[in-house]
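Structure incoming, see below.
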Amino acid sequence: MKRILVACEESQAVTKELRNLGHEAFSCDLLPCSGGHPEWHFQEDIFKVIDKGWDIMIAHPPCTYLSVSGARWMYHPDDNELPFSERRPHPKHPNRRKKQADALDFVQRLMDAPIAKIAIENPISVISSKIRKPDQIVHPWMFGDKASKSTCLWLKNLPELVPTDIVEKGEFKEWVDKKSGKIKRQALWYYEALQNAKSSAERSTLRSKTFKGLAQAMANQWT
């Protein structure tokens with residue numbers, strides 16, 4: 001049995017798969033857990049529990065200010081032709097650069113945690129260019145879920161995940177962005193998450209979900 005910390009996870013998706021295997025796994029997030037097991041959850045700053053003798057940490061740092069999909073909010077839209085060093089902040093999001101720097105510092109602190117085995121999970125993000133490239137990129141369709149979602153993994157003393165059940169990549173949805181008039185194409189599960197969420201917080205939670213097959217692979221192969 002191993003002691004495992006699942007950082008930045010309110011859903012407890014990975015935590016429950018680890019518990020199913022008999023491990024002493026705990027989730028940690030600033031939010032209360034939605035996975036139904038508050039007895040396995042630390043609702044507090046991750047760095048208050050990170051040094052409590054864990055064998056493994058699997059971390060899902062918030063991607064709001066890290067994901068490349070949010071890069072358009074970093075700089076003034078009139079400065080697209082200028083070098084990055086000369087661009088002004090976006091008028092609607094003047095503090096986004098500082099928030100991105102803080103998010104990168106958070107990731108680096110997770111990577112530097114005093115834990116022998118660490119996995120950091122995030123979508124395609126600036127972690128790759130600002131810290132280091134991921135060790136592996138996987139998708140839910142490699143583990144039995146018919147969905148596409150580029151999931152980057154930064155690993156310390158853990159093996160790359162081996163696909164367990166390669167299936168179809170899932171449906172996609174094309175739609176017209178009302179603001180730009182451009183046609184966009186997204187994975188159907190992602191599109192529906194954006195459309196059905198009742199708030200930006202709920203949208204963020206749905207977008208960052210860990211699919212069951214991937215959670216099972218993490219639990220089985222990393223322990």
Side-chain angles (χ1 to χ4, degrees), residues 4-11 13-15 27-31 45-47 49-51 54 56-75 83-85 87 89-90 93-143 147-163 186-187 190 193-194 200-201 203-211 214-215 217-219 221-222:
I4 304 169
L5 178 62
V6 187
C8 314
E9 186 192 55
E10 59 78 30
S11 70
V14 177
T15 301
S27 55
C28 181
D29 200 280
L30 295 176
L31 299 172
D45 183 340
I46 184 64
F47 295 106
V49 300
I50 207 165
D51 59 353
W54 306 103
I56 302 172
M57 178 175 69
I58 301 171
H60 311 274
C63 64
T64 303
Y65 301 109
L66 297 171
S67 173
V68 295
S69 62
R72 67 184 184 278
W73 303 114
M74 289 285 291
Y75 302 100
F84 284 107
S85 60
R87 295 183 188 182
H90 196 288
H93 304 275
N95 298 319
R96 196 172 182 97
R97 292 190 205 181
K98 173 64 166 57
K99 290 179 178 178
Q100 185 186 85
D102 289 344
L104 284 165
D105 179 67
F106 180 76
V107 171
Q108 187 64 69
R109 291 176 68 194
L110 291 174
M111 289 182 171
D112 295 339
I115 300 173
K117 298 179 179 182
I118 296 174
I120 309 287
E121 177 273 330
N122 228 240
I124 303 295
S125 72
V126 296
I127 298 174
S128 299
S129 57
K130 300 293 186 180
I131 299 180
R132 69 176 178 87
K133 293 185 180 300
D135 296 285
Q136 186 180 21
I137 299 177
V138 296
H139 284 271
W141 55 261
M142 300 165 70
F143 305 93
S148 293
K149 181 187 181 186
S150 296
T151 303
C152 299
L153 301 173
W154 289 262
L155 306 173
K156 173 187 172 183
N157 296 327
L158 288 172
E160 294 186 7
L161 292 177
V162 177
Q186 292 175 325
Y190 188 89
L194 295 180
S200 59
R203 239 185 339 265
S204 178
T205 299
L206 291 172
R207 283 201 313 262
S208 62
K209 68 175 287 187
T210 302
F211 284 81
L214 180 55
M218 289 178 174
Q221 297 184 34
W222 287 342

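For the single chain, residues carry numbers from 1 onward in sequence order. Bear in mind the structure is a predicted one, so any value in this text is a computation, not a measurement. These values consider heavy atoms only, across backbone and side chains, with no hydrogens, waters or symmetry-generated copies.
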### Task
Check F143 against V138 and note the closest heavy-atom contact, atom names and distance.
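So the two residues come closest at CE1-CB, 3.8 Å.
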### Task
Nearest 0.5 Å please: distance from the NE2 atom of H60 over to the NZ atom of K209.
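Nearest 0.5 Å value for the NE2-NZ distance: 13.5 Å.
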### Task
Evaluate the criterion side chain to side chain contact (heavy atoms under 4.5 Å, CB included) for residue pair M218 and L161; output intermediate values, then yes/no.
CA-CA 7 Å; M218 289 178 174; L161 292 177; 4.1 Å; yes
### Query
Hey, is the main chain of A13 close enough, under 3.5 Å, to the side chain of E9 for a donor-acceptor pair?
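Yes, E9 side chain to A13 backbone: donor-acceptor pair under 3.5 Å.
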### Task
For side chain to side chain contact (heavy atoms under 4.5 Å, CB included), just list the numbers for L5 and I46, CA-CA rounded to whole Å, side-chain angles, deciding distance to a tenth of an Å, and then say yes or no.
CA-CA 9 Å; L5 178 62; I46 184 64; 3.5 Å; yes
### Task
Could you walk me through whether I137 and I124 pass side chain to side chain contact (heavy atoms under 4.5 Å, CB included), step by step?
CA-CA 9 Å; I137 299 177; I124 303 295; 4.1 Å; yes
### Query
What is the minimum heavy-atom distance between L66 and P62, and which atoms define it?
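That closest heavy-atom pairing would be CD1-O, 3.5 Å.
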### Task
Measure from the side-chain N and O atoms of Q221 to the backbone N and O of V162, and report whether any donor-acceptor pair falls under 3.5 Å.
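Yes, Q221 side chain to V162 backbone: donor-acceptor pair under 3.5 Å.
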### Query
Does CZ in R132 sit with more than 12 non-hydrogen atoms of other residues, nucleotides or ligands closer than 6.0 Å?
yes
### Query
What heavy-atom pair brings S27 and T15 nearest, and what distance separates the two atoms?
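The pair with the smallest heavy-atom distance is CB-OG1, 3.4 Å.
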### Query
To the nearest 0.5 Å, how far apart are CZ in F106 and SG in C8?
4.0 Å
### Query
Where is the tightest heavy-atom contact between I118 and A113, given as atom of each residue plus distance?
CD1-O, 3.8 Å
## Note on the structure
Correct closest heavy-atom pair for M57 and L110 would be CE-O, 3.4 Å
### Summary
Here the gap from E121 atom CD to I127 atom CD1, rounded to the nearest 0.5 Å, amounts to 9.0 Å
### Task
With sequence neighbours left out, write down each residue that passes ring-ring contact (aromatic ring centres under 6.0 Å, His included) with W141, or none if nothing qualifies.
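Partners of W141 by the ring-ring contact (aromatic ring centres under 6.0 Å, His included) criterion, ordered by chain and then number, come out as H139.
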#### Entry: Closest heavy-atom pair and its distance - W154, S125
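Nearest pair, atom of W154 first, then S125: CH2-OG, 4.0 Å.
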### Query
Hey, is the main chain of W222 close enough, under 3.5 Å, to the side chain of K117 for a donor-acceptor pair?
no
### Message
If we ignore hydrogens and angles and just use 3.5 Å, is the side chain of N122 paired with the main-chain N or O of P61 as donor and acceptor?
### Response
yes
### Message
Using only atom types and a distance under 3.5 Å, with no angle test, would you say the side chain of K156 pairs donor to acceptor with the backbone of I115?
### Response
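A pair under 3.5 Å: yes.
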### Query
Between atom CD1 of I131 and atom CD of Q108, what is the distance when rounded to the nearest 0.5 Å?
4.5 Å
### Query
By side chain to side chain contact (heavy atoms under 4.5 Å, CB included), which residues pair with D45, not counting sequence neighbours?
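Once residues adjacent in sequence are excluded, the partners of D45 under the side chain to side chain contact (heavy atoms under 4.5 Å, CB included) criterion are F47, K48.
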### Query
Could you state the interatomic distance from CE (M111) to CG (L155), rounded to the nearest 0.5 Å?
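Between M111 CE and L155 CG, I get 9.5 Å after rounding to 0.5 Å.
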